[in-house]
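Please read the structure below before turning to the comments.
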Amino acid sequence: RAIVRDLDLLEAKNPVLKPQPSSIIDPTVFEKRFLKKIRELGEGHFGKVELCRYDPRGDKTGELVAVKSLKPESREEQGNNLSTEIEILKALYHDNIVKYKGICLDESGQAVKLIMEYLPLGSLKEYLPKYKSKTSLATLLSYATQICMGMEYLGTKNYIHRDLAARNVLLENERTVKIGDFGLTKSIKENDGYYVVKDENESPVFWYAPECLTQCKFYLSSDVWSFGVTLYELITYCDSSKSPMHLFLSMIGPTQGQMTVMRLVGALKEGKRLPRPEGCPEPVRNLLLMFSICEAIVNLQHVV
Ligand code: ADP
Ligand code: MG
């Protein structure tokens with residue numbers, strides 16, 4: 001008993017010896033000083049993503065993570081955007097959606113970085129042109145199915161992605177893909193089944209359905225159109241000379257700003273569509289035109 005009392009006394013004198021309540025160690029809060037940048041992974045309109053090692057022990061044994069922050073020029077207007085993206089990704093759990101790991105705070109306690117799992121093969125846009133010869137049509141269709149599954153899940157959560165494109169689909173390995181980049185994602189819960197786009201300047205217009213372009217209205221099904229454009233990118237192995245932007249621009253002629261959207265809408269209204277990619281079987285082409293659903297592609301995989 002004397003020993004216990006001595007120990008208690010010792011503990012009272014030295015608060016550091018007291019076991020810390022576990023709640024203060026939050027594994028989803030990453031300390032900036034332990035995040036060591038290895039290289040840049042990529043960047044889009046607003047954000048940039050870096051490969052870092054989170055190395056609290058400082059002996060290079062820490063895990064690799066992908067860290068997204070806003071580009072300095074978009075920090076002011078887009079400050080809240082990253083917080084929204086963080087909140088959305090944090091609540092999503094699906095095999096085909098990139099995994100949230102946590103956040104990194106600045107001095108004022110605001111979340112300035114989004115920490116995600118690192119997917120070593122990068123996006124389909126980078127991967128497919130390089131590994132064309134080892135990627136069969138069946139594999140491409142399997143990727144398409146997985147994108148559908150991730151998107152279907154997103155839809156059940158009442159979210160529209162609004163930026164579904166090959167550049168935003170990441171590979172975990174040669175067989176598995178995951179949807180990333182929820183920077184433009186919106187909830188349709190508070191609305192009438194659609195979201196009204198407020199800032200259309202940075203919209204990926206060549207991936208957008210006509211209603212998004214003409215009325216700035218975005219429905220769950222508008223993502224299905226973008227899925228069709230993404231499927232087109234997959235079948236062309238993301239060959240940049242055949243990219244949706246490249247082909248639509250050659251269809252409508254060189255334009256700028258609002259003129260681009262007007263001419264694009266005009267072309268779509270006339271029934272113009274992306275061409276059938278080389279080597280694309282007729283059934284897949286029909287699917288592309290229908291912007292069809294998951295089951296149809298799963299069936300096709302058995303045929304190919
Ligand atoms: P932005 O909103 O700026 O477009 P993204 O989230 O799309 O940012 O990321 C930009 C690029 O960084 C992607 O196209 C991809 O190449 C790369 N990237 C993003 N997240 C990861 C990740 N978790 N693992 C590996 N590469 C990634
Ligand atoms: Mg992106």
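Atoms within each ligand, like the ligands themselves, are counted from 1 in listed order. When reading the values below, keep in mind they use all heavy atoms of this one structure, side chains included, and skip hydrogens, waters and symmetry mates.
The N/O atoms of Val98, backbone and side chain alike, include none that comes under 3.5 Å of an N/O atom in ligand 1. For Tyr118, no nitrogen or oxygen atom sits less than 3.5 Å from a nitrogen or oxygen atom of ligand 1, counting backbone and side chain alike. Distances between N or O atoms of Leu119 and those of ligand 1 include at least one value under 3.5 Å. Taking distance alone, with nitrogen or oxygen atoms compared against 3.5 Å, Glu43 stays at or beyond that limit from ligand 1. Taking only nitrogen or oxygen atoms, main chain and side chain alike, Lys68 reaches within less than 3.5 Å of ligand 1. Taking only nitrogen or oxygen atoms, main chain and side chain alike, Gly44 reaches within less than 3.5 Å of ligand 1.
Two rings, from Tyr194 and Phe218, have their centers 6.0 Å or more apart.
The part of Glu117 lying near ligand 1 is the backbone, judged by heavy-atom distances below 4.0 Å. Contacts between Asp181 and ligand 1 below 4.0 angstrom, taking non-hydrogen atoms only, involve backbone and side chain alike. Counting heavy atoms under 4.0 Å from ligand 1, residue Asp163 does not touch it at all.
Each of Ile88, Ile97, Leu184, Thr185 was scored for a side-chain contact (heavy atoms from CB on, under 4.5 Å) with His161, with one residue passing: Thr185.
At a threshold of 4.0 Å, the pair Glu50-Lys68 does not count as salt-bridged, since none of the basic side-chain nitrogens sits closer than that to a carboxylate oxygen. Residues Arg276 and Glu282 are paired through a salt bridge, judged by an N-O separation under 4.0 Å between the basic side chain and the carboxylate.
The distance from ligand 1 to the heavy atoms of Arg167 drops below 4.0 Å at these ligand atoms: 13 (C), 14 (O).
When only modelled atom types and interatomic distance are considered, Thr84 and Glu87 share no side-chain donor-acceptor pair under 3.5 Å.
Asp181 has its closest N, O or S atom to the Mg ion (ligand 2) at the position named OD2.
Among the atoms of Asn168, an N, O or S atom is found under 2.8 Å from the Mg ion (ligand 2).
Taking the six-membered ring where the residue is Trp, Phe206 and Phe248 present parallel rings, their angle staying beneath 30° rather than reaching 60°.
Within the cation-pi definition used here (under 6.0 Å to the ring centroid, within 45° of the axis), Arg162 does not qualify as a partner of Trp207.
In this structure, Gly183 falls outside the shell of residues with a heavy atom less than 4.0 angstrom from ligand 1.
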Practice problem: Show your reasoning for whether side chain to side chain contact (heavy atoms under 4.5 Å, CB included) applies to Leu105 and Phe30. | Solution: CA-CA 8 Å; Leu105 307 171; Phe30 289 68; over 6 Å; no
